[in-house]
Student: 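Here it is: the structure, laid out below.
What's counted below: heavy atoms across the whole structure, side chains too, no hydrogens, waters or symmetry copies. To find a chain, count down the sequence lines: A is the first, B the second, and so on, and within it residues start at 1.
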Amino acid sequence: MSQYSASEIEAKWQAAWETAGIFRAKRSADKPKYYVLEMFPYPSGRIHIGHVRNYTMGDVVARYKLAKGFNVLHPMGWDAFGMPAENAAMASGGHPKDWTYQNIADMKAQMKPMGWSLDWSRELATCDPEYYGQQQALFLDMLDAGLVYRKNAVVNWDPVDMTVLANEQVIDGKGWRSGADVERRELTQWFFKITDFSEELLTAIDTLDDWPSKVKLMQANWIGKSRGLQFSFDMVEPAEGFDKVEVYTTRPDTLMGASFVGISADHPLAKALAAKSPEVAEFRALCAKGGTTEEALEKAEKLGFDTGLRVRHPLNPDWELPVWIANFILMDYGTGAIFACPAHDQRDLDFCRKYDLPVVDTFFATEDDTPVANTAFVPPKTDKVRWVNHFAGLDVATGDEAINATIDFAESAGWGKGVTKFRLRDWGLSRQRYWGCPIPVVHCDECGVVPEAKKNLPVQLPDDVSFDVPGNPLDRHPTWRDCACPSCGKPAKRETDTMDTFVDSSWYFARFTAPRATTPTVAEDAEYWMNVDQYIGGIEHAILHLLYSRFFARAMQITGHLPKKAIEPFNALFTQGMVTHAIYQTHDADGRAVYHFPEEVEDGVLKATGETVEVIPSAKMSKSKRNVVDPVSIIASYGADTARWFVLSDSPPERDVEWTASGAEATSRHIARVYRIVADIAAMENATGTGDDDLLRATHKTIDEVSKGLESFGFNAAIAKLYGFTNTLHKSSAGGDAKRFAAAALVQMMAPFTPHVSEELWSLLGKDGLVSIAAWPEADPAMLVDDTVTLPIQVNGKRRGEIVVPKDMPKEEVEKAVLADQAVIRALDGAAPKKIIVVPGRIVNLVI
RNA sequence: GCCGGUGUGGCGGAAUGGUAGACGCAGCGGAUUCAAAAUCCGCCGAUGGCAACAUCGUGAGAGUUCGAAUCUCUCCACCGGCACCA
C-alpha cells in the first residue's frame with residue numbers, strides 16, 4: 001500500500017488481534033495483573049462522543065499496560081435496567097426487554113470498529129437473569145447479615161396518575177405527564193444500612209491516595225460528620241402525650257439567642273396535633289406540596305405555623321419559647337426538631353423576620369458590635385468572636401471553642417449530651433417500577449415478610465406486561481404476584497418493587513472477575529483480579545455511585561463475596577470531564593419542551609419543518625435532551641484512529657469539552673503525514689547521517705515525556721509531544737539507522753492512541769509480531785540530560801534577556817556572566833542591582 | 001439554597017511559584033502546479049514603532065512574594081452533584 005487508508009487497515013488489524021486473542025484476560029502467575037475499568041454505559045442505542053472519549057482513555061491505559069507487560073483485564077458491559085426503557089415502551093408500545101437488547105446490539109456494533117482492547121468474552125448486562133439472579137442472592141445474604149430493612153420514606157406522588165415519580169419527572173413541582181401538583185407521600189420501602197458504615201466510609205477516604213481530592217472532599221461533605229448537642233425543651237403544658245421536645249444542634253453555643261423551637265411537619269408531635277386540629281392538618285398538607293429533592297426543599301418559601309405550645313429554656317425556666325412547625329426542618333436529620341437562632345443562621349433569620357419573632361445577638365465580631373439586621377452574622381467557626389454574656393463564661397473565643405465549652409457545660413450540668421451525627425441517610429432501594437431487579441421477598445399473611453429461597457432464584461421478570469396505564473405493571477400482573485410462601489407454603493404475594501439501578505452498578509466491577517459464575521463472585525478470581533487498578537468515569541458520579549460501590553465492597557466482604565483487600569475496590573480513580581453540546585429545543589402544543597438531535601438542525605431551524613429552534617448552549621450531553629453527537633459518521637469518514645486521537649488531543653481529559661466538528665480533518669491529515677514519513681524512512685538505506693545523536697536524544701526525551709504523560713492521564717500533553725517529535729523526525733537529516741530507531745519508537749508511542757495505523761507501520765518497518773504486545777520502549781536516563789541550560793534573566797521580574805551556561809555552573813559565576821551580558825547592561829542603565837536571585841537551572845532575577 | 005469545580009489569543013489549550021500563549025485548529029504570505037487539491041517553507045495576543053524594542057495582557061478587584069495564570073481574600077459568570085436520571 002502506498003498511502004494511508006484507514007478503511008483498509010483497520011478491519012485487518014482488528015481481525016489480527018481477534019485471532020491472536022491478545023485482549024482476553026487470563027489468570028496467570030507469571031505476570032502482574034492490571035484491571036482497568038471504565039464506567040459501563042447505559043444502552044441508549046447510540047454511542048456518543050462522550051463514550052468515545054471515556055473508553056478511548058481507558059483503552060490507552062489498557063494498551064500501555066499491556067505493552068508494559070501486565071496481564072490486563074479490560075471488560076465491558078451494560079447498565080441495562082432503568083426508566084428510559086419503560087418510557088420507550090410507553091411512547092412506542094414495544095417491550096423494555098426488546099428495546100434494551102436491540103440497543104445493546106446496536107451500540108456494540110458501533111463500538112467494535114473503535115478497536116478498543118476489550119475482553120468481550122466477559123460482557124454482561126445487568127438485565128440478564130444471569131446477572132440480576134446473583135444480585136438477588138447478594139441481597140438475600142445482605143438481608144441475612146442485617147444490612148437491609150424496611151421503613152417508611154417519602155416519595156414524589158402524582159395524585160392524578162396515581163403513581164410514584166422520579167425526581168427527574170417532577171418539573172417545577174408538577175408531574176411531567178399529568179401536570180398535577182406533586183405531593184410528598186410516605187411509603188414503606190426497603191433500605192440498605194449504609195449509615196452503619198458512616199464513620200468507616202469517612203475515615204477510609206484518607207486511604208484513597210490516587211483519587212482526585214475534589215471527589216474525596218465531596219464524599220466527606222456528603223457523609224457530613226458533625227458534633228453537636230442533643231437536649232430537650234420541657235413543655236410548659238404537656239400536649240398529645242408529649243412533655244418535651246428533643247432537639248439537636250451543631251451550634252449549642254448560640255442557645256442564649258434562641259428565638260423559637262421548630263419541629264418538622266413530619267415530626268410525631270406535628271402528626272399528633274394534626275389528628276386533632278384541622279388547621280395543623282391543613283398546614284401539614286401545604287408543607288407536603290412539591291418534590292422530595294433537597295434542592296426543592298431548600299428553595300421553597302419558608303412557611304411556619306405557631307402551634308400555640310410553649311417550652312421552657314433549659315437555662316432559665318422563666319423564659320418561655322413558642323413551638324412552631326416549619327417546612328424547612330427535615331425529619332431525616334437529627335431529631336427533626338431545632339431551636340432557631342436567627343442572629344447566626346440566615347434561614348432562621350428569614351423565618352423570624354417573616355413571622356416577627358425576636359432576634360438576639362449572642363456574639364459580635366471583635367471590632368464591630370452592629371446588631372444583626374437582615375443578614376445573619378455567621379463567621380467561620382475558627383474565627384475569634386466576642387461573646388455577649390455567655391453562660392459558660394466565655395469572653396473572646398472561636399465558635400469551635402464555644403461549641404466544645406457549651407457541650408462540656410451541658411454534660412456536666414446534666415441537661416444535654418454531646419452527640420456525633422452524620423448527614424448520610426440510609427439508601428432507599430425500592431422502586432415502584434417494572435424494568436429493574438425484582439426484590440426477592442414474599443409477603444405472607446402468616447409469616448410476614450419472607451426471603452425467597454435461594455434455590456428459587458432468579459426471581460425473573462415476567463414478559464407479558466403492558467405499559468398502557470401509569471404505574472408498575474408488576475403490581476397489576478394477574479399471576480406473577482401470586483406465589484407460595486417459601487416458609488409455610490401457603491399462598492402469598494411477591495414484592496412488586498424492584499431495585500434502584502444504583503444497586504446494579506455497585507458490584508459489576510466484582511462480577512467482571514467471574515461473569516459467568518453461578519455465585520455472585522468466585523474467590524480465586526476476585527482474589528487475583530481485584531482491585532480495579534484504574535477506574536475511569538464521569539465526575540457526575542463523584543458521590544452516589546462511588547459511595548454506594550464503596551458500601552457494597554464492605555457488604556460483600558461481610559457476606560463473603562469479596563476479599564478483605566477489596567474493601568476499597570478502586571485503587572485509582574480518574575474523573576473525566578463531560579462532553580458538552582448545545583441543546584436544540586422547540587415546544588409542543590402544550591408548551592412542553594421537545595428536543596432535537598444536532599443532525600436534525602441546520603442554520604438554527606429544523607430541517608424537516610423549518611421551525612426555529614431554541615439553542616441552549618453547552619449542556620451536558622444526555623440522551624433525553626438529544627444533544628448528542630454521533631461518532632459513527634466520524635469513523636466512517638476518517639477511521640477509528642482519527643476519532644481516537646482527536647478526542648484525546650485537544651482538551652485535558654478531566655476538563656469538560658465542548659464538541660465541535662472541526663479538527664477531525666486535521667487529525668486525519670496528521671496521521672497520513674506520519675504514514676508518509678515513516679514509509680519513507682522504512683525505505684532508507686542503512687547509514688549514518690548528520691545529527692544522529694540529536695535525533696537519538698530527542699527520541700529518548702520523547703519516550704520519557706510520553707510515558708510520563710500516559711502514567712498521569714496527560715494524554716493531550718503526550719499527543720503534543722508526539723506532534724513535536726514528528727516534526728523533529730521529519731526535519732532531521734540523520735541516517736537510516738537513527739531514523740528507523742526513531743520511527744519505530746514513534747509508532748510504538750502512538751500505538752495506544754492509534755493502534756491500527758501503528759500496526760501497519762510497525763510491519764512496514766519490518767518488525768515482527770504485533771506492536772500492541774511489543775515491549776514498551778524505555779528511555780535511557782543518560783540521554784535525557786543536556787550539558788548546557790538557557791537561563792532567562794529578569795530585572796525586577798520582567799524578562800530582559802537570556803544566557804546559555806553550563807548545566808552545573810556555580811552561582812557566583814552565573815552572576816558574573818549575567819552582569820556581563822549586553823542586554824542586562826542595557827536594562828540596568830548604570831544602576832547597581834540590590835540583590836541577585838539565582839534559581840539554579842531555572843532563572844535569574846536582578847532587583848534594582 | 002447547600003457542596004464541589006472551571007475561567008488564559010479568533011478557537012481547543014500549554015505553563016501548578018520562575019521566559020505567558022508549547023502543540024493543534026483557523027487565518028495570512030510564499031514555494032510547487034497549466035490550474036486546483038494535496039504537500040512543503042514561513043508569519044500569527046493587543047497597542048505603538050521601519051526596526052531594535054517598549055507598554056499592556058491569563059473573568060473583575062485587592063493582597064502575599066525578588067517574581068503570581070499558579071498562593072490568599074472578596075466578587076462575577078459558567079458547569080457538575082443534591083439521595084427515584086444514569
Student: A/K835: which residues meet the side chain to side chain donor-acceptor pair (under 3.5 Å) condition with it, sequence neighbours left out?
Tutor: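 Per chain and number, A/K835 pairs via side chain to side chain donor-acceptor pair (under 3.5 Å) with no residue.
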Student: Could you check whether A/K811 pairs with A/E815 (Lys NZ or Arg NE/NH1/NH2 to Asp/Glu carboxylate O, under 4.0 Å)?
Tutor: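 No, this pair does not count.
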Student: Hey, does the Lys NZ or Arg CZ of A/K151 hover above the aromatic six-ring of A/F191, less than 6.0 Å from the centre and inside 45° of the axis?
Tutor: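 Yes, cation above the ring, under 6.0 Å and within 45°.
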Student: What nucleotide among B/G1, B/C84, B/U39 has an atom nearest to a side-chain atom of A/K299?
Tutor: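 Output: B/G1.
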Student: Would you mind telling me which of B/G1, B/G24, B/A86 lies closest to the side-chain atoms of A/N727?
Tutor: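 The answer is B/G24, which lies nearest to the side chain.
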Student: Check every atom of B/G80, B/C40, B/A83 against the side chain of A/R673 and return the nucleotide holding the closest atom.
Tutor: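 It is B/C40.
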Student: Not counting sequence neighbours, list each pair that qualifies as a side chain to side chain donor-acceptor pair (under 3.5 Å) and has a residue in residues 795-804 of chain A.
Tutor: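 For residues 795-804 of chain A, and leaving out neighbouring residues, the side chain to side chain donor-acceptor pair (under 3.5 Å) pairs sorted by first residue read A/R799-A/E802.
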Student: Give each stem of RNA chain B as a range with a range, requiring at least 3 consecutive Watson-Crick or G-U wobble pairs whose two distances are under 3.5 Å.
Tutor: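 If one scans RNA chain B for consecutive Watson-Crick or G-U pairs, the stems found are B:1-7 with B:76-82, B:10-12 with B:23-25, B:27-31 with B:39-43, B:45-48 with B:53-56, B:59-63 with B:71-75.
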Student: Counting side-chain heavy atoms from CB outward, which of B/G24, B/G18, B/C82 is closest to A/I843?
Tutor: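 Closest nucleotide to the A/I843 side chain: B/G18.
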Student: Quick check on RNA chain B: between A/R347 and A/K721, whose nearest nucleotide comes earlier from the 5' end?
Tutor: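 Whichever sits nearer the 5' end wins; that is A/R347.
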Student: Looking at the side chain of A/A720, which of B/C23, B/G5, B/G80 is the nearest nucleotide?
Tutor: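 Looking only at heavy atoms from C-beta outward on A/A720, the closest nucleotide is B/C23.
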Student: Tell me, for nucleotides 46-55 of chain B in 5' to 3' order, what letter each nucleotide earns: B for a base near a protein heavy atom under 4.0 Å, S for only sugar-phosphate near one, - for neither?
Tutor: --------SS
Student: Mind running side-chain hydrogen bond (donor to acceptor under 3.5 Å, both in side chains) on A/N156 and A/T292 for me, showing each step along the way?
Tutor: CA-CA 6 Å; A/N156 301 303; A/T292 58; 3.3 Å; yes
Student: Using 30° and 60° as the class limits, which term best fits the ring planes of A/F40 and A/Y508: parallel, tilted or perpendicular?
Tutor: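 The arrangement is parallel - the two ring planes meet at less than 30°.
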Student: As a test of reading the structure: which of B/A83, B/C85, B/C41 is closest to the side chain of A/M83, going by heavy atoms?
Tutor: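 Selected nucleotide (nearest to the side chain): B/C85.
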Student: Salt bridge or not between A/R423 and A/E294? Use side-chain N to carboxylate O under 4.0 Å.
Tutor: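 Yes.
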Student: Ion pair present between A/D500 and A/R431, side-chain N to carboxylate O less than 4.0 angstrom?
Tutor: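 Answer for the salt bridge query: yes.
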Student: Please tell me whether A/F725 and A/Y723 form a close aromatic pair, meaning their ring centres lie under 6.0 Å apart.
Tutor: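 Not close enough - the centres of the two rings lie 6.0 Å or further apart.
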Student: Among the nucleotides B/A83, B/A38, B/G5, which one has an atom lying closest to any side-chain atom of A/R423?
Tutor: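 From the listed options, B/A83 comes nearest.
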Student: Consider the side chain of A/Y723, meaning its heavy atoms from C-beta on, and name the nucleotide among B/G18, B/G13, B/G24 that approaches it most closely.
Tutor: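 The answer is B/G24.
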Student: With sequence neighbours excluded, tell me which residues meet side chain to side chain contact (heavy atoms under 4.5 Å, CB included) with A/I194.
Tutor: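 Scan of A/I194 (side chain to side chain contact (heavy atoms under 4.5 Å, CB included), adjacent residues dropped) gives A/L201, A/L424, A/D426, A/W427, A/L547, A/Y548, A/F551.
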Student: What one-letter contact string describes nucleotides 63-69 of chain B from 5' to 3', where B marks a base within less than 4.0 Å of any protein heavy atom, S marks contact via sugar-phosphate atoms alone, and - marks no contact?
Tutor: ---BS--
Student: Counting the atoms with a prime plus P, OP1 and OP2 as sugar-phosphate, which does A/G724 contact under 4.0 Å by heavy atoms, base, sugar-phosphate, or nothing?
Tutor: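 Counting heavy atoms under 4.0 Å across all strands, no contact is made by A/G724.
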Student: Consider the side chain of A/I543, meaning its heavy atoms from C-beta on, and name the nucleotide among B/G81, B/C84, B/G4 that approaches it most closely.
Tutor: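 So the side chain of A/I543 is nearest to B/G81.
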Student: Can you identify which nucleotide, out of B/A38, B/G4, B/C84, has its nearest atom closest to the A/R433 side chain?
Tutor: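 Of all the options, the side chain of A/R433 is nearest to B/C84.
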Student: Look at the side-chain N and O atoms of A/N716 and state whether any lies under 4.0 Å from the OP1 or OP2 oxygen of B/A14.
Tutor: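 Affirmative; the distance criterion is met.
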Student: Looking at the rings of A/F552 and A/F192, which for Trp means the six-membered one, are their centres under 6.0 Å apart?
Tutor: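 Yes, ring centres under 6.0 Å apart.
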Student: In terms of ring plane angle, is the pair A/Y55 and A/H51 parallel, tilted or perpendicular, where the classes change at 30° and 60°?
Tutor: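 Aromatic pair A/Y55/A/H51 classed parallel.
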